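In what follows, a structure is listed as structure tokens, so that the remarks can point back to it.
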Protein chains: 2
Amino acid sequence: MPTPEPQRPGFVLPLLLLAGFRTLIDDLHAELARQGHAELRPLHGFVLQAVGADGTTASELGNRLGVSKQAAGKTVDRLVALGYLERADDSRDARRKLVRLTPHGLDGLRRSAVIFDELRQRWTETLGAERVAAIEDDLRAVTPANWFRLDIPGWFTG
Amino acid sequence: MPTPEPQRPGFVLPLLLLAGFRTLIDDLHAELARQGHAELRPLHGFVLQAVGADGTTASELGNRLGVSKQAAGKTVDRLVALGYLERADDSRDARRKLVRLTPHGLDGLRRSAVIFDELRQRWTETLGAERVAAIEDDLRAVTPANWFRLDIPGWFTG
DNA sequence: TAGGTTAGTCAACGTGGTTGACCAAACCGT
DNA sequence: ACGGTTTGGTCAACCACGTTGACTAACCTA
């Protein structure tokens, strides 16, 4: 029978998950900065993803990101100022203001996707494809299923 | 030969790492709240860890956390107000002010460690000890070695 | 048409971070 | 022993991101 593994302290697991996440995000934004998107902050990538190619409204964006509509509105303001998003009136509902990606925003979103693929590829070169897939599958198994509705910002600040 | 796995989009990996981390941290603080530490925010746990049983100074704390000494000082202020930390004069260097855990702070730190161990145990019940250890080992392999000097807050806000 | 719901905005505030400026204490080379 | 530099702490102003509460305008429906 195999010698029992010594007990590992529980806090290294969250630290390593955070370290892995941060490494990917930091590498992503370092490369994005090189490709002409230096002003994009980590949060902004998630926002662009949540807006999507079809656009949304500020309230719906708040829902997707799990924050208030006011917070979503302010974030949209900043990304509009940076040239990543634009607002347009909805001809069928004068209350709504559509939030859409500008060409610059779409460019940032597309580059993010490419870079993320490259970074995952780099992980498979050190770990092998099976190990990376195993990490993903295992994490899916221990993570609430509803998590993937992009429930992201604001959690750390509280 | 095995059928080649279809390419997985790169962005699910960071999302799952974040989901795993957040799940652990959220569960930790839900349990901490039940055990009388409802005011502890996610950030505070790292700060208590960084202060440690021996105490430090605000500047050194800033180094450990990777933030400015001013930011560290403000966070210490808040945790002093909450009763988790206390300041004391250094008899050998009148400039320094030692930051120490109060009994309440030490209690929170000890409970965090216990709860983290329980949470890791819960993961091994669904995944098996080998898979959890494999996640840790794999993440160590793709994460900068210097990461473990607790380089944590402020990265998301940027 | 009146009454309720929904989208957006404004204001005030809290938290966590940044830089720059400053003082007092400590250290160090002459 | 003294004078210049380094170090620790604090203050002030500011920024990013979040919250709640209050309010208006537009839409929907009984």
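Remember, predicted model here, so these are calculated numbers, not experimental data. Here is the naming used below: chain letters follow the sequence lines, and residue numbers restart at 1 for every chain.
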Can you check whether A:Arg140's main-chain N or O pairs, donor with acceptor, with A:Thr143's side chain at less than 3.5 Å? no

Below 3.5 Å, can you tabulate the donor-acceptor pairs from side chains in residues 99-117 of chain B to any protein atom, sequence neighbours excluded?
| from | atom 1 | to | atom 2 | distance (Å) |
| --- | --- | --- | --- | --- |
| B:Arg100 | NE | B:Glu86 | OE2 | 3.4 |
| B:Arg100 | NH2 | B:Glu86 | OE2 | 3.1 |
| B:Thr102 | OG1 | B:Gly83 | O | 2.6 |
| B:Thr102 | OG1 | B:Tyr84 | O | 3.2 |
| B:Thr102 | OG1 | B:His104 | N | 3.4 |
| B:Thr102 | OG1 | B:Gly105 | N | 3.1 |
| B:His104 | NE2 | B:Tyr84 | OH | 3.4 |
| B:Asp107 | OD1 | B:Arg111 | NE | 3.2 |
| B:Asp107 | OD2 | B:His37 | NE2 | 2.7 |
| B:Asp107 | OD2 | B:Arg111 | NE | 2.8 |
| B:Arg111 | NH1 | B:Gln35 | OE1 | 2.8 |
| B:Ser112 | OG | B:Gly108 | O | 2.9 |
| B:Asp117 | OD1 | A:Gly10 | N | 2.6 |

Check whether any side-chain nitrogen or oxygen of A:Arg78 sits under 4.0 Å from OP1 or OP2 of D:dC17, and answer yes or no. yes

Once side chain to side chain contact (heavy atoms under 4.5 Å, CB included) is applied, do any residues pair with A:Arg34, and if so which ones, sequence neighbours excluded? A:Ala30, A:Glu31

Is the shortest distance from a Lys or Arg side-chain nitrogen in A:Asp137 or B:Arg131 to a carboxylate oxygen in the other one below 4.0 Å? no

Side-chain contact check for A:Leu43: nearest option of C:dG17, C:dG16, D:dC17 is D:dC17

Interatomic distance where NZ belongs to A:Lys74 and P belongs to C:dA12 [whole Å]: 12 Å

Name all residues meeting the side-chain hydrogen bond (donor to acceptor under 3.5 Å, both in side chains) criterion together with B:Asp89; count only those two or more places apart in sequence or in a different chain, and write none if there are none. none

For a quick test of your reading: what N or O donor-acceptor pairs under 3.5 Å do the side chains of residues 66-80 of chain B make, sequence neighbours left out?
| from | atom 1 | to | atom 2 | distance (Å) |
| --- | --- | --- | --- | --- |
| B:Ser68 | OG | B:Ala71 | N | 3.2 |
| B:Thr75 | OG1 | B:Ala71 | O | 3.1 |
| B:Asp77 | OD1 | B:Arg87 | NH2 | 2.1 |

Using atom CG of B:Leu65 as one end and atom C1' of C:dG17 as the other, report the distance to the nearest whole Å. 12 Å

Salt bridge (Lys or Arg N to Asp or Glu O under 4.0 Å) pairs, two or more places apart, involving residues 46-60 of chain A: A:Glu60-A:Arg64

By nearest nucleotide on DNA chain C, pick out whichever of B:Lys69 and B:Ala72 is the more 5' one. B:Ala72

Using a distance-only criterion (donor-acceptor N/O pair, under 3.5 Å, no hydrogens), is the base of C:dG20 paired with the side chain of B:Gln70? yes

Any pair with a residue in residues 53-73 of chain B that passes ring pair (Phe, Tyr, Trp, His ring centres under 6.0 Å), sequence neighbours left out, goes on the list, sorted by first then second residue, please. none

Residues from residues 52-61 of chain B sitting under 4.0 Å of DNA chain D, heavy atoms only? B:Thr57, B:Ala58, B:Ser59

Establish, with yes or no, whether the OP1 or OP2 oxygen of C:dT18 is under 4.0 angstrom from a side-chain nitrogen or oxygen of B:Ser68. yes

Where the side chain of A:His44 is concerned, which of D:dC17, C:dT18, D:dG18 is the nearest nucleotide? D:dC17

At a heavy-atom distance below 4.0 Å, what parts of residues 82-102 of chain B sit against DNA chain C? B:Asp93, B:Ala94, B:Arg95

Pairs meeting criterion ring pair (Phe, Tyr, Trp, His ring centres under 6.0 Å) with involvement of residues 57-80 of chain A, two or more places apart: none

Does the side chain of B:Thr75 get closer than 4.0 angstrom to OP1 or OP2 of C:dG17 through an N or O atom? yes

Roughly how many Å is it from CZ in A:Phe46 to C1' in D:dG18, rounded to a whole number? 17 Å

Nucleotide C:dT18, atom C1' - distance to CZ of A:Arg41 in whole Å: 12 Å

